[in-house]
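Report on the structure given below.
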Amino acid sequence: MEYAAWASIACEVLDTQYPYGSAHASRGPEDVDVTPERLHPAFHGSYDWHSSAHMQWSLVRLLTLVPDQRPIDLLNQRLTPDAIAVEAAYLRERPAYERPYGWAWAAMLVAAARDTQWAPALQPLGEVIADLVLAWLPKQAYPVRHGAHLNSAFALALLHEAYGELGRADVVQAVRARSIEWYGADTAYDTRFEPSGTDFLSPALSEAELMRRVLPATEFASWLTAFLPGLGKEQHLHLLEVPVTDDSGDGQLAHLGGLALSRAWQLRTIAPALPDVADVLRAGADRQVEAVLPTVTGGDFMSTHWLVSFALLADQADPT
């Protein structure tokens with residue numbers, strides 16, 4: 001993989017101030033200044049808050065693969081105690097902001113940086129998000145099952161990983177309990193209507209990836225067989241094929257490139273649970289990565305401002 005090129009494009013898009021989607025809900029006429037760096041001193045650039053967070057996660061991960069001074073300089077500018085204090089306060093004051101997708105990616109950044117020079121500055125952000133998650137999960141009666149930002153399973157999978165690495169057993173247990181409550185009895189999932197036109201996640205595979213994390217391996221294998229019967233054989237084969245993608249600059253249609261990468265990640269991680277079709281699932285993952293990979297660094301900004309993160313998930317998935 002061209003890790004250096006991934007790091008380079010991540011720095012480039014993070015340094016791109018506009019276009020910018022703030023998603024800021026003004027509370028009055030005095031609260032209308034949405035200048036990116038003023039509103040979010042750590043998580044500006046890269047189009048929006050969550051993309052800025054997960055592209056900085058990408059840089060932290062890439063530094064372990066291709067050490068480079070430019071990402072270090074950029075992270076030093078963003079991940080300061082003062083900047084993170086502003087971000088943490090913003091989340092506390094607006095407890096639904098970026099819930100749950102942005103929370104999950106910001107938590108992943110905190111976890112990835114836990115042994116770096118940025119750990120002390122990021123710690124308050126991780127604590128705020130933990131508090132928000134613990135307050136939110138008991139109130140969320142039903143999971144969101146569509147294939148975009150509000151998808152519950154995708155966020156819970158990342159939160160489970162991040163807070164496991166951060167040693168927050170309370171958050172991990174809350175995520176595990178809610179996951180089993182929401183999804184543990186699911187069977188015979190109908191994937192005929194995947195994907196929707198602007199999906200970047202497969203609802204079925206996102207759920208499977210989450211349950212892989214929260215169930216013991218033998219229980220997960222049984223659960224997966226019941227949930228997606230015939231996967232890799234006669235059923236659900238369209239999940240293994242490259243979706244129709246679009247790199248014209250339409251931000252919603254660009255989601256489908258991310259769908260190929262997120263499917264690849266999830267197919268690779270669940271494959272060991274189905275050893276008789278594991279090679280079929282991995283081949284489907286490979287096809288989807290190969291089709292979208294040029295867009296990760298060479299596409300329109302509406303693709304490049306976020307796809308590196310999903311390419312990294314797919315690339316770093318356990319192949320065994």
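Residues: numbered from 1 along the sequence shown. Computed from a prediction, not measured in an experiment: that's the story for all the values here.
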Would you check if the side chain of [X] reaches a backbone N or O of [Y] as a donor-acceptor pair within less than 3.5 Å?
| X | Y | answer |
| --- | --- | --- |
| Arg99 | Leu132 | no |
| Arg168 | Gly126 | no |
| Thr304 | Thr297 | no |
| Arg287 | Val242 | no |
| Asp247 | Asp300 | yes |
| His44 | Ser22 | no |

For the residue pair [X] and [Y], confirm or rule out a side-chain donor-acceptor distance under 3.5 Å.
| X | Y | result |
| --- | --- | --- |
| Ser248 | Asp246 | yes |
| Thr35 | Asp33 | yes |
| Glu12 | Thr16 | no |
| Glu98 | Trp105 | no |

Which word best sums up how the rings of [X] and [Y] line up, parallel for under 30°, tilted for 30 to 60°, or perpendicular for over 60°?
| X | Y | result |
| --- | --- | --- |
| His40 | Tyr97 | parallel |
| Tyr20 | Tyr18 | perpendicular |
| Trp223 | Phe227 | parallel |

Which atom pair, heavy atoms only, marks the closest approach of [X] to [Y]?
| X | Y | answer |
| --- | --- | --- |
| Val277 | Leu231 | CG2-O, 3.5 Å |
| Leu281 | Leu267 | O-CB, 3.9 Å |
| Pro71 | Ala7 | CG-CB, 4.4 Å |
| Gly232 | Val280 | O-CG1, 3.7 Å |
| Pro243 | Arg263 | CD-NH1, 3.7 Å |
| Gly249 | Met302 | O-CG, 3.3 Å |

Next on the checklist: Please tell me whether His149 and Phe200 form a close aromatic pair, meaning their ring centres lie under 6.0 Å apart.
Outcome noted: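 His149 vs Phe200: aromatic centres under 6.0 Å.
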
Next on the checklist: Tell me if the centroids of the rings in Phe43 and Tyr90 come within less than 6.0 Å of each other.
Outcome noted: no

Checklist entry - Should Val296 and Leu256 be regarded as members of a common hydrophobic cluster, given that ILVMFWY residues are connected when their side-chain heavy atoms come within less than 4.5 Å of each other, either directly or indirectly? => result no

What side-chain donor-acceptor pairs closer than 3.5 Å can you find for residues 202-220, not counting sequence neighbours?
{"from": "Ser202", "atom 1": "OG", "to": "Glu194", "atom 2": "OE1", "distance (Å)": "2.6"}
{"from": "Ser202", "atom 1": "OG", "to": "Ala204", "atom 2": "N", "distance (Å)": "3.4"}
{"from": "Ser202", "atom 1": "OG", "to": "Leu205", "atom 2": "N", "distance (Å)": "3.0"}
{"from": "Ser206", "atom 1": "OG", "to": "Ser202", "atom 2": "O", "distance (Å)": "2.9"}
{"from": "Ser206", "atom 1": "OG", "to": "Gln266", "atom 2": "NE2", "distance (Å)": "3.1"}
{"from": "Glu207", "atom 1": "OE1", "to": "Arg145", "atom 2": "NH1", "distance (Å)": "3.1"}
{"from": "Glu209", "atom 1": "OE1", "to": "Arg212", "atom 2": "NE", "distance (Å)": "2.9"}
{"from": "Glu209", "atom 1": "OE1", "to": "Thr269", "atom 2": "OG1", "distance (Å)": "2.5"}
{"from": "Glu209", "atom 1": "OE2", "to": "Arg212", "atom 2": "NH2", "distance (Å)": "3.1"}
{"from": "Glu209", "atom 1": "OE2", "to": "Arg213", "atom 2": "NE", "distance (Å)": "2.7"}
{"from": "Glu209", "atom 1": "OE2", "to": "Arg213", "atom 2": "NH2", "distance (Å)": "2.7"}
{"from": "Arg213", "atom 1": "NH1", "to": "Glu161", "atom 2": "OE1", "distance (Å)": "3.0"}
{"from": "Arg213", "atom 1": "NH2", "to": "Glu161", "atom 2": "OE1", "distance (Å)": "3.2"}

Next on the checklist: Taking the side chain as everything from C-beta on, heavy atoms only, tell me whether Trp57 gets closer than 4.5 Å to Ser309.
Outcome noted: yes

Checklist entry - Under 4.5 Å between any side-chain heavy atoms of Tyr163 and Val175, yes or no? => result no

Item to check | Steps toward side chain to side chain contact (heavy atoms under 4.5 Å, CB included) verdict (Tyr3, Asp68) | outcome: CA-CA 11 Å; Tyr3 297 129; Asp68 185 355; over 6 Å; no

Checklist entry - What do the steps show when you test Asp131 against Arg92 for side chain to side chain contact (heavy atoms under 4.5 Å, CB included), and what is the final call? => result CA-CA 9 Å; Asp131 290 345; Arg92 282 205 186 278; 3.2 Å; yes

Checklist entry - Under 6.0 Å from the CD atom of Gln235, do we count more than 12 heavy atoms belonging to anything else shown? => result yes

Checklist entry - Would you call Asp73 and Arg70 a salt bridge, taking side-chain N to carboxylate O under 4.0 Å as the test? => result no

Item to check | side chain to side chain contact (heavy atoms under 4.5 Å, CB included) assessment of Asp276 paired with Lys233 | outcome: CA-CA 9 Å; Asp276 55 335; Lys233 296 178 180 177; 2.8 Å; yes

